[in-house]
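One structure is given here, and the rest of the page talks about it.
Basis for what follows: all heavy atoms, side chains included, without hydrogens, waters or symmetry-related copies. Below, chain A is the first sequence line, B the second, and so on; all start at residue 1.
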Amino acid sequence: MNNIFDKIREQIFNVVQNAFKACEQKGTLPHVQISDMSVEVPRERNFGDFSTNVAMQVSKQTKLPPRKTAELLSGEFDFTGTYIERTEIAGPGFINFYLSRDWLYDCVRIIQEKRERYGEVDLGKGMKVNVEFVSANPTGPLHMGNARGGALGDCLASVLKKAGYDVTKEFYINDAGNQIEKFGMSLEARYLQLVLGEDKVEFPEDGYHGEDIIEHAKAYFSQHGDSLMDKPSEERRRILVDYALPINIQRIRDILSAYGIEYDVWFSEKTLHDNGDVKRVVDYLTEKGYTLEKDGAIWLNGEKLGLEKDEVLIRNTGVPTYMAADIAYHYNKLVTRGFDLAIDLWGADHHGHVARMKAAITPFGLKKEQLEIVLFQLVRLFRNGELARMSKRTGKAIALEDLLEEVGRDAARFFFNLKSAGSHLDFDLDLAVKQSNDNPVFYVQYAHARICSMLRKLAEEGIRGKPVQEVDLTLLKEKEEIELMRKLSEYPEEIALSAKTLEPSRLTRYVMEVAAGFHSFYNACRVKGEEEELMMARLILVDCTRIVIRNILELIKIEAPEKM
RNA sequence: GUGCCAGUAGCUCAGCUGGAUAGAGCAACGGACUUCUAAUCCGUCGGUCGGGUGUUCGAAUCAUCUCUGGCACGCCA
C-alpha cells in the first residue's frame with residue numbers, strides 16, 4: 001500500500017457497505033445500490049478527517065431523509081481493524097469520520113520507505129501516451145505562447161509518468177508546407193536584396209519580416225557569396241531553406257534545452273509527405289466516402305463527420321493542406337506507432353481545430369477520446385504594472401530567450417505552471433525576479449533550503465536521524481505537525497488528480513501549500529535542542545517534507561537549492 | 001452573425017463530474033527574531049461567486065437567457 005488515501009477510502013467504503021447490509025437484514029433499510037459515494041477530506045477541520053455523502057446519495061432509494069439514513073447506518077458501524085475512531089452526522093446528512101492519528105504516522109512510514117518514489121500512483125497502468133507540445137514553426141524564434149505550452153507540456157508529461165503512464169514527449173517539426181514556402185521566399189528576397197541592393201528587390205508582403213531572416217541571408221552570403229544568383233528561383237529557395245532550417249531547429253532545441261525540456265522524439269512533418277503517408281490517408285478517407293470534390297479540391301466531408309463545415313485536404317493545386325498532414329500525423333501516432341492516447345497542447349487560438357481533428361481520426365477506427373487537446377490561453381507580460389510587449393534587449397517582441405535571460409528558468413517554469421491552462425495568464429516580470437517574500441518561487445525554494453540547513457546544522461553536532469522503525473512517531477502531535485503530515489499525505493492524490501484532469505498546475509500550487517505547512521511548523525516547533533525522542537520524530541517529519549518538496553521541484557524541473 | 005473559452009475579495013487566481021459557514025497568495029493594518037535561515041510566522045480587514053430564471057433536499061458548480069472581455073470562423077497553420 002503506497003497511497004494512504006486509497007486504504008482509508010477502502011476502509012470507509014467497507015464499513016459503510018457492511019452497515020447497509022446489517023440494516024437490510026434488520027429490515028430498517030431496503031436493499032440499496034451504492035453509487036457515487038464520495039470519501040473526501042472535508043473543508044473544515046472540525047468536520048472530521050474524512051467525510052462521505054453516501055446517506056444523501058441513496059436518499060431516493062431509502063426514501064428516508066439523509067440524516068435518518070445516516071443515523072441507521074451509524075448504529076451498525078463496526079470499526080474493527082480500521083483507523084476510524086468515531087463518526088458524527090452533520091449538516092444535511094454527511095457522515096464525518098474521525099480517525100486515529102495512526103494513519104498519519106503510517107503515511108510518514110510510507111514516505112520514509114518510498115523516498116523519491118513516494119507519490120507514484122498506478123493510474124495509467126502502463127498506457128502508452130504521446131505528449132506533443134510547443135511544435136513551433138521553425139521559421140522564427142519561440143514566443144510566450146511556446147513558453148507557456150512548453151512548461152505545461154513538460155510538466156504534464158512528468159506528472160503522467162509519475163501516474164504510471166508510459167510517456168513519450170514529442171516535438172512536431174513543421175518543416176513542410178506553406179510556411180516553409182514563405183520562409184524560402186523570405187530568405188530569397190533578403191538574399192537578393194543583399195546582392196542587388198535593398199531597393200532593387202521588393203520584400204513579399206506576407207513574408208517573414210523578422211531580423212533573423214536577414215541574418216540567415218547575410219550568413220549564407222558571407223559563406224557562399226553570390227553563387228545562388230545563376231540558379232533558378234526554386235532551387236535558390238530550396239538551398240536557402242536547407243541552409244537556414246537546420247540552424248533554426250537547432251536553435252529551438254538549444255533554447256528548449258536551456259528551458260529544461262528534452263524531447264524523446266523530434267518528428268518531421270516532411271517525412272509524412274515524402275513517404276506517401278499524407279496521400280495514403282487522404283486516399284483512404286476518399287475510399288471510405290469521407291471526402292468530396294469541389295472546385296477542383298478534395299475536401300473532408302464535414303457533414304458526414306458531424307462538423308460544421310467541410311475542410312480542404314488537397315488544394316486544387318494538388319498540394320495537401322496542414323489539415324491533411326495533421327491527420328496523417330495523428331494516424332502515425334495512434335495507429336502506426338500504437339500510442340493508446342495522444343495529447344496535444346495547443347494555444348487557444350487553435351480551438352477551432354479541435355473538433356475537426358478529433359472527428360478526423362474516427363474513420364480510422366480510432367475513438368475521439370484517444371486524442372486529447374489541452375488548450376492554453378495566451379500570455380500577457382507585465383512590467384512596472386504595464387503591459388510589456390517588447391524585449392528590453394532587442395526592442396522586439398519578447399522571445400523565450402529574452403524571458404529566460406530576464407527572469408531565469410526557475411521563475412519562468414514556475415509561473416507558467418501556477419495557473420490552470422484555461423485561464424489567461426498575466427506574467428509579472430518584476431515579481432518573477434524579486435527576491436522577496438511575495439515571490440512564490442523563492443517561498444518554496446526557501447523551505448527546501450531551510451530544511452537542508454537544519455539537517456546540516458544537526459549533522460555538525462553529530463546528530464543524525466534514526467530509521468523510522470526506531471522512532472516514536474506518536475510524539476508528533478502539535479497542531480502544526482499534524483497539519484504538515486496531512487498535507488504530505490495528499491501528494492499521491494494530487495498526482496492522480498493532476499494526471500486525470502491534465503492540469504499539472506495544481507501540483508505547483510500544492511507544493512506551495514507543503515512549503516507553507518513546513519514554514520508554520522518551523523515557527524511553532526523546534527527540532528534541535530529538543531529532547532532526544534521528540535527530536536528524532538521531528539527529524540523524520542522534516543526529512544519527509546524535504547522528500548516531497550524536492551520530489552515536486554524535480555518533477556517541474558525547478559532547482560531545489562540546499563542553501564539560499 | 002455563429003461557435004469556443006473566460007467573468008469568484010482592491011489585484012492575481014483556486015474551488016466547477018452539484019454538497020456543510022465560498023478559499024489562497026499579494027496588497028492594507030497589527031504583532032513575533034539573545035534560540036535549527038525573519039526570503040519566515042501569527043492575527044485582522046476584505047465577497048449580491050457578472051446579472052436573471054429554471055432543475056433539486058441542496059447551485060460558484062448543471063440548464064437556459066442576458067451582459068462584458070478574449071479568441072476562432074481561409075484552398076493559413
| query | Of all heavy-atom pairs between A/Ile549 and A/Ala515, which one has the smallest distance, and what is that distance? | reply |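 What the structure gives for the nearest pair is CD1-CA, 4.4 Å.
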Figure out the [atom1]/[atom2] separation between [X] and [N], and round it to whole Å.
X	N	atom1	atom2	answer
A/Gln445	B/A38	CD	P	17 Å
A/Leu378	B/C4	CG	P	19 Å
A/Asp430	B/A27	CG	P	14 Å
A/Glu481	B/C41	CD	C1'	16 Å
A/Arg67	B/A20	CZ	P	15 Å
A/Asn417	B/A14	CG	P	12 Å
A/Ile451	B/U40	CD1	C1'	13 Å
A/Arg509	B/C13	CZ	P	11 Å

| said: As a quick check of understanding, evaluate ring-ring contact (aromatic ring centres under 6.0 Å, His included) for A/Tyr322 and A/His353, giving each step before the final call. | reply: CA-CA 11 Å; A/Tyr322 168 85; A/His353 194 51; 5.7 Å; yes
| task | Please indicate yes or no: is the ring centre of A/Tyr443 less than 5.5 Å from the centre of the six-membered base ring of B/A39, with the two planes inclined by under 30 degrees? | result |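 It does not: the ring fails the test against the base of B/A39.
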| request: For the pair A/Ser268 and A/Asp175, evaluate side chain to side chain donor-acceptor pair (under 3.5 Å) and give the outcome as yes or no after the intermediate values. | output: CA-CA 6 Å; A/Ser268 155; A/Asp175 53 358; 2.6 Å; yes
In whole Å, measure the gap between the [atom1] atoms of [N] and [M] for me.
N	M	atom1	value
B/G7	B/C45	P	27 Å
B/C76	B/C16	C1'	35 Å
B/C75	B/U66	P	30 Å
B/G54	B/U44	C1'	40 Å
B/A27	B/U64	P	42 Å
B/C62	B/C26	C1'	33 Å
B/G74	B/C11	C1'	40 Å
B/A24	B/C33	P	26 Å

Side-chain N,O ([X]) to OP1/OP2 ([N]) below 4.0 Å:
X	N	answer
A/Ser520	B/U40	no
A/Ser420	B/A14	yes
A/Arg43	B/G23	yes

| message | Using salt bridge (Lys or Arg N to Asp or Glu O under 4.0 Å), reason through A/Glu493 and A/Arg9 one step at a time and then give a plain yes or no. | response | CA-CA 12 Å; A/Glu493 196 72 0; A/Arg9 272 204 201 93; 2.3 Å; yes
Could you list all N or O pairs between the protein and nucleotides 34-36 of chain B that sit under 3.5 Å apart?
residue : atom : partner  : partner atom : Å
B/U35   : O2'  : A/Arg526 : NH2          : 3.1
B/C36   : O2   : A/Lys528 : N            : 2.8
B/C36   : N3   : A/Val527 : N            : 3.1
B/C36   : N4   : A/Tyr522 : O            : 3.1
B/C36   : N4   : A/Cys525 : O            : 2.5

Across all strands shown, which nucleotide pairs with [N] by Watson-Crick or G-U wobble geometry, both distances under 3.5 Å?
N	value
B/C62	B/G54
B/C16	none
B/U35	none
B/C26	B/G10
B/C71	B/G3

| Taking atom types as modelled, is there a side-chain donor on A/Asn417 or A/Ser505 under 3.5 Å from an acceptor on the other? |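 A/Asn417 vs A/Ser505: no donor-acceptor pair found between side chains.
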| said: Could you tell me if A/Asp410 and A/Gln445 have a donor-acceptor pair between their side chains, going purely by distance under 3.5 Å? | reply: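 Side chains of A/Gln445 and A/Asp410: pair found under 3.5 Å.
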Could you tell me whether [X] and [Y] make a salt bridge, using a distance below 4.0 angstrom between a side-chain N and a carboxylate O?
X	Y	answer
A/Glu88	A/Arg86	yes
A/Glu181	A/Arg237	no
A/Arg380	A/Asp426	yes
A/Glu503	A/Arg506	no

| Geometric cation-pi criterion A/Arg450 and A/Tyr522, 6.0 Å radius, 45° cone |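 Yes, a cation-pi geometry.
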| message | Does the Lys NZ or Arg CZ of A/Arg148 fall within the cation-pi geometry relative to A/Phe376 - under 6.0 Å from the ring centre and within 45° of the axis? | response |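 Relative to the ring axis of A/Phe376, which defines the angle, A/Arg148 lies outside at least one limit.
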| query | Where does B/C33 land, syn or anti, once you apply the within-90°-of-0 test for syn? | reply |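 Glycosidic conformation of B/C33: syn.
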| query | Would you call A/Val511 and A/Leu507 a side-chain contact if the rule is heavy atoms closer than 4.5 Å? | reply |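 SC-SC contact between A/Val511 and A/Leu507 ruled out.
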| Of the nucleotides B/C42, B/A20, B/U12, which one has an atom closest to the side chain of A/Asp426? |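 Nearest to the side-chain atoms of A/Asp426, counting from C-beta on, is B/U12.
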| field | Of the listed nucleotides B/A14, B/U37, B/G23, the one nearest the side chain of A/Met564 | value |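 Closest nucleotide to the A/Met564 side chain: B/U37.
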| query | Side-chain donor or acceptor of A/Asn96 under 3.5 Å from a matching atom on the base of B/A20? | reply |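 Counting by modelled atom types and ignoring angles, a donor-acceptor contact under 3.5 Å is found here.
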Quick one: which protein N/O atoms are closer than 3.5 Å to N/O atoms of nucleotides 5-7 of chain B? Pair and distance per line, please.
residue : atom : partner  : partner atom : Å
B/C5    : O2'  : A/Gln377 : NE2          : 3.2

| task | Go through the steps to decide whether A/Phe415 and A/Phe427 satisfy the test ring-ring contact (aromatic ring centres under 6.0 Å, His included), and finish with yes or no. | result | CA-CA 7 Å; A/Phe415 278 81; A/Phe427 193 116; 5.3 Å; yes
| Touch class at under 4.0 angstrom, heavy-atom based, for A/Ala524 against every strand present |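 Result for A/Ala524 = nothing.
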| When all nucleic acid strands are considered with a 4.0 Å heavy-atom cut-off, which category describes A/Pro42: base, sugar-phosphate, or nothing? |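 Here A/Pro42 touches the bases of the nucleic acid.
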| Residue met sooner reading RNA chain B from 5', once A/Tyr446 and A/Glu44 are mapped to nucleotides |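 Taking each residue's closest nucleotide, the earlier one in sequence belongs to A/Glu44.
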| On RNA chain B, nearest-nucleotide positions of A/Ile95 versus A/Leu425: which is more 5'? |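 Whichever sits nearer the 5' end wins; that is A/Leu425.
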| said: Whether the side chain of A/Arg538 engages the backbone of A/Cys525 through a donor-acceptor N/O pair (distance < 3.5 Å, no angle test) should be reported. | reply: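 Not a single qualifying donor-acceptor pair exists.
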| note | B/S/- along nucleotides 72-77 of chain B (protein heavy atoms under 4.0 Å) is SS-BSB
